[in-house]
Amino acid sequence: MKRSRPITQSLSTPPSTPPPSPHQSLTTFERPRNILKNPKPLLINPITNWNPLNIGKSELYLPLTFPTGQTFRWKQTGTVQYTGVIGPHLVSLKQLENGDVGYHFHSTRCEASAREALFDFLNLGISLCEIWEEFKASDPRFAELATCLEGARVLRQDPLECLIQFICSSNNNIQRITKMVDFLSSLGNYLGNVGGYDFHKFPNLEQLAMVSETELREAGFGYRAKYIIGTVKALQSKPCGGLQWLAALRKLDLVEAVDALATLPGVGPKVAACIALFSLEQHHAIPVDTHVWKIATRHLIPELAGSRLTPRLYKRVADAFLTKYGKYAGWAQTLLFIAELPSQKSLLSLSFCNTEENKSVKSKGRKKAAKRDG
DNA sequence: GGGAGACCTAGTAA
DNA sequence: ATTACTAGGTCTC
């Protein structure tokens with residue numbers, strides 16, 4: 001049973017003047033960066049010199065990699081152009097006309113180290129085409145989706161950044177997660193403005209520890225406020241240092257890494273799997289959320305359709321993915337997950353892919369359109 | 001040990 | 001205009 005809303009808070013009539021706070025509330029926080037209301041920087045500072053990565057769209061397609069829930073830190077700053085921060089480097093990426101991806105570092109002192117960081121971040125040591133060939137060979141459904149959704153790559157993010165982002169993600173939606181992550185990011189050192197968005201280095205543990213649970217609650221974090229505070233404290237108390245502790249998880253087996261992560265408050269099996277897959281090089285980690293649960297019960301373990309996702313069943317789903325797709329199962333899961341996103345479903349239904357899946361989506365889309373148009 | 005219920009919030013459907 | 005439910009779950013009995 002969901003708790004009813006406390007009557008002391010009237011959400012329909014927010015206070016006209018926010019309470020004094022070191023940080024603005026989430027609603028007012030986003031406003032100055034609204035790209036629609038403040039488009040000037042786009043016009044003033046267009047990026048003209050793109051360095052080619054020399055990879056095709058089938059290795060990296062930005063719209064299927066950045067705005068699909070792996071990271072909430074990157075912003076769309078132009079047409080098929082995204083901007084974000086990798087370590088201390090502010091970088092923009094753009095899908096060029098020939099399908100290649102161009103990169104541009106904003107005011108970086110050492111181009112060479114920035115480029116190395118970029119390659120690491122994009123996981124370019126792994127060939128998406130090669131591992132997808134195996135998925136396609138063992139799963140016709142994957143093959144069909146893959147032709148429509150080329151270039152959906154798994155990133156290799158900074159563990160702390162990834163951890164904090166996915167604590168925010170629990171029982172939440174992308175729009176609100178993004179606002180929360182923006183709020184925390186602003187605690188880090190300012191790097192610059194691109195396309196109307198301010199960018200900050202992700203705050204270190206000390207900077208994260210400067211904010212109180214009360215401030216986070218006032219900023220709209222809800223019950224996740226105490227998770228953030230608790231996790232930051234837990235990391236700070238590690239003998240070898242929190243960052244070191246996180247980095248060492250890359251050397252462990254998946255189960256060990258997940259168990260270690262789950263000792264942090266706000267980190268359960270799903271969030272731990274996200275962190276493992278998106279930042280700890282655990283390529284076969286399977287984050288099982290409601291979407292993935294649906295996929296699994298439809299196609300992998302239909303005998304479980306209708307039942308609730310319990311920890312035991314969580315393991316069954318992960319095992320099923322691992323059995324079917326092998327050591328890069330997490331990468332396969334990522335594509336299947338993306339195909340479930342409403343934004344992608346609408347695109348899929350427009351494409352030539354005529355899977356059973358899409359027929360049903362098309363039908364739903366038509367019904368919705370009919371309803372909308374009266 | 002696993003199964004319910006509580007937990008913040010904003011948006012949408014009924 | 002209210003109410004119920006959902007959304008990339010986790011924690012606590």
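Protein chains get the first letters and strands the later ones, always in sequence-line order, with residue 1 at the start of each.
Comparing the same atom, C1', in dT10(C) and in dG2(B) gives a spacing of 15 Å after rounding to whole Å. Rounded to whole Å, the separation between the P atoms of dG9(C) and dG1(B) comes to 25 Å. Between dC8(B) and dC5(C), the distance separating the two C1' atoms is 15 Å to the nearest Å. Comparing the same atom, C1', in dA10(B) and in dC11(C) gives a spacing of 23 Å after rounding to whole Å. Spacing between dA4(B) and dG8(C) at atom P, rounded to whole Å, works out to 24 Å.
Applying the salt bridge (charged side-chain N to carboxylate O under 4.0 Å, His left out) test to pairs two or more places apart or on separate chains, none has a residue in residues 88-104 of chain A. Applying the side-chain hydrogen bond (donor to acceptor under 3.5 Å, both in side chains) test to pairs two or more places apart or on separate chains, those with a residue in residues 282-294 of chain A are H283(A)-W331(A). Pairs of residues two or more places apart, or lying in two chains, that qualify as salt bridge (charged side-chain N to carboxylate O under 4.0 Å, His left out) and include a residue from residues 49-59 of chain A are E59(A)-R153(A). Within the structure, side-chain hydrogen bond (donor to acceptor under 3.5 Å, both in side chains) pairs that include any residue of residues 245-269 of chain A do not occur (at least two apart or interchain).
When rounded to the nearest whole Å, the span between CG of N173(A) and P of dA7(C) equals 10 Å. Rounded to whole Å, the distance from CE on M180(A) to C1' on dA7(C) is 13 Å. To the nearest angstrom, P of dG11(B) lies 6 Å from NZ of K179(A). Note: CG (N171(A)) to C1' (dG5(B)) measures 13 Å, nearest angstrom. Distance, E340(A) CD to dA7(C) C1': 15 Å, rounded to whole Å. If you measure from atom CD of Q175(A) to atom P of dA7(C), you get 16 Å, rounded to the nearest angstrom. When rounded to the nearest whole Å, the span between CD1 of I167(A) and P of dT9(B) equals 18 Å. Protein atom CD1 of I286(A) is 18 Å distant from nucleotide atom P of dG8(C), rounded to whole Å.
A salt bridge does not link R141(A) with E144(A): none of the charged nitrogens is closer than 4.0 Å to a carboxylate oxygen.
Using a 4.0 Å heavy-atom distance criterion, R224(A) is classed as a base contact. Across all strands, F166(A) comes closer than 4.0 Å to no nucleic acid atom at all (heavy-atom distances). Using a 4.0 Å heavy-atom cutoff across all strands shown, I174(A) reaches at least one base atom of the nucleic acid.
Remark: F72(A) pairs with F166(A) by the ring-ring contact (aromatic ring centres under 6.0 Å, His included) rule, at least two apart or across chains. With sequence neighbours excluded, the residues forming a side chain to side chain donor-acceptor pair (under 3.5 Å) with N189(A) are Q207(A), listed by chain and number. Looking at residues two or more places apart in sequence or on another chain, you find no salt bridge (charged side-chain N to carboxylate O under 4.0 Å, His left out) involving K324(A). Annotation: side-chain contact (heavy atoms from CB on, under 4.5 Å) contacts of K226(A) (sequence neighbours excluded): E213(A), R217(A), Y223(A).
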How does DNA chain B read in dot-bracket, base by base from 5' to 3', with Watson-Crick or G-U pairs under 3.5 Å and | used when the partner is on another strand?
..|||||.||||||
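Anti is the conformation of dG9(C), whose glycosidic angle sits further than 90° from 0.
Here R176(A) does not reach the OP1 or OP2 of dA7(C): none of its side-chain N or O atoms lies under 4.0 Å away.
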Which atoms of nucleotides 2-4 of chain B (N or O only) lie under 3.5 Å from a protein N or O atom, and what are those distances?
from, atom 1, to, atom 2, distance (Å)
dG2(B), OP1, R312(A), NH2, 3.0
dG2(B), OP2, R312(A), NE, 3.4
dG2(B), OP2, R312(A), NH2, 3.1

Please write out each protein N/O paired with an N/O of nucleotides 10-13 of chain C under 3.5 Å, distance rounded to 0.1 Å.
from, atom 1, to, atom 2, distance (Å)
dT10(C), OP1, G268(A), N, 2.8
dT10(C), OP1, G268(A), O, 3.1
dT10(C), OP1, K270(A), N, 3.4
dT10(C), OP1, V271(A), N, 2.8
dT10(C), OP2, K270(A), N, 3.3
dC11(C), OP1, G266(A), N, 2.7

For D158(A) and K201(A), what are the C-alpha separation, side-chain angles and deciding distance, and is it a salt bridge (charged side-chain N to carboxylate O under 4.0 Å, His left out)?
CA-CA 11 Å; D158(A) 173 75; K201(A) 217 178 136 186; over 6 Å; no
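When hydrophobic side chains of Ile, Leu, Val, Met, Phe, Trp and Tyr are connected at separations under 4.5 Å, F105(A) ends up clustered with L53(A), I55(A), L60(A), L62(A), F66(A), W74(A), Y82(A), I86(A), V91(A), L93(A), V101(A), Y103(A), L118(A), F119(A), F121(A), L122(A), L124(A), L155(A).
Listed nucleotides dC8(B), dA7(C), dG8(C) differ in distance to K294(A); the shortest reach to its side chain belongs to dA7(C).
Separation of atoms CG (L249(A)) and OG (S279(A)) is listed at 8.5 Å; rounding is to 0.5 Å.
In this structure, Q333(A) contributes its side chain and P287(A) its backbone to a donor-acceptor pair below 3.5 Å.
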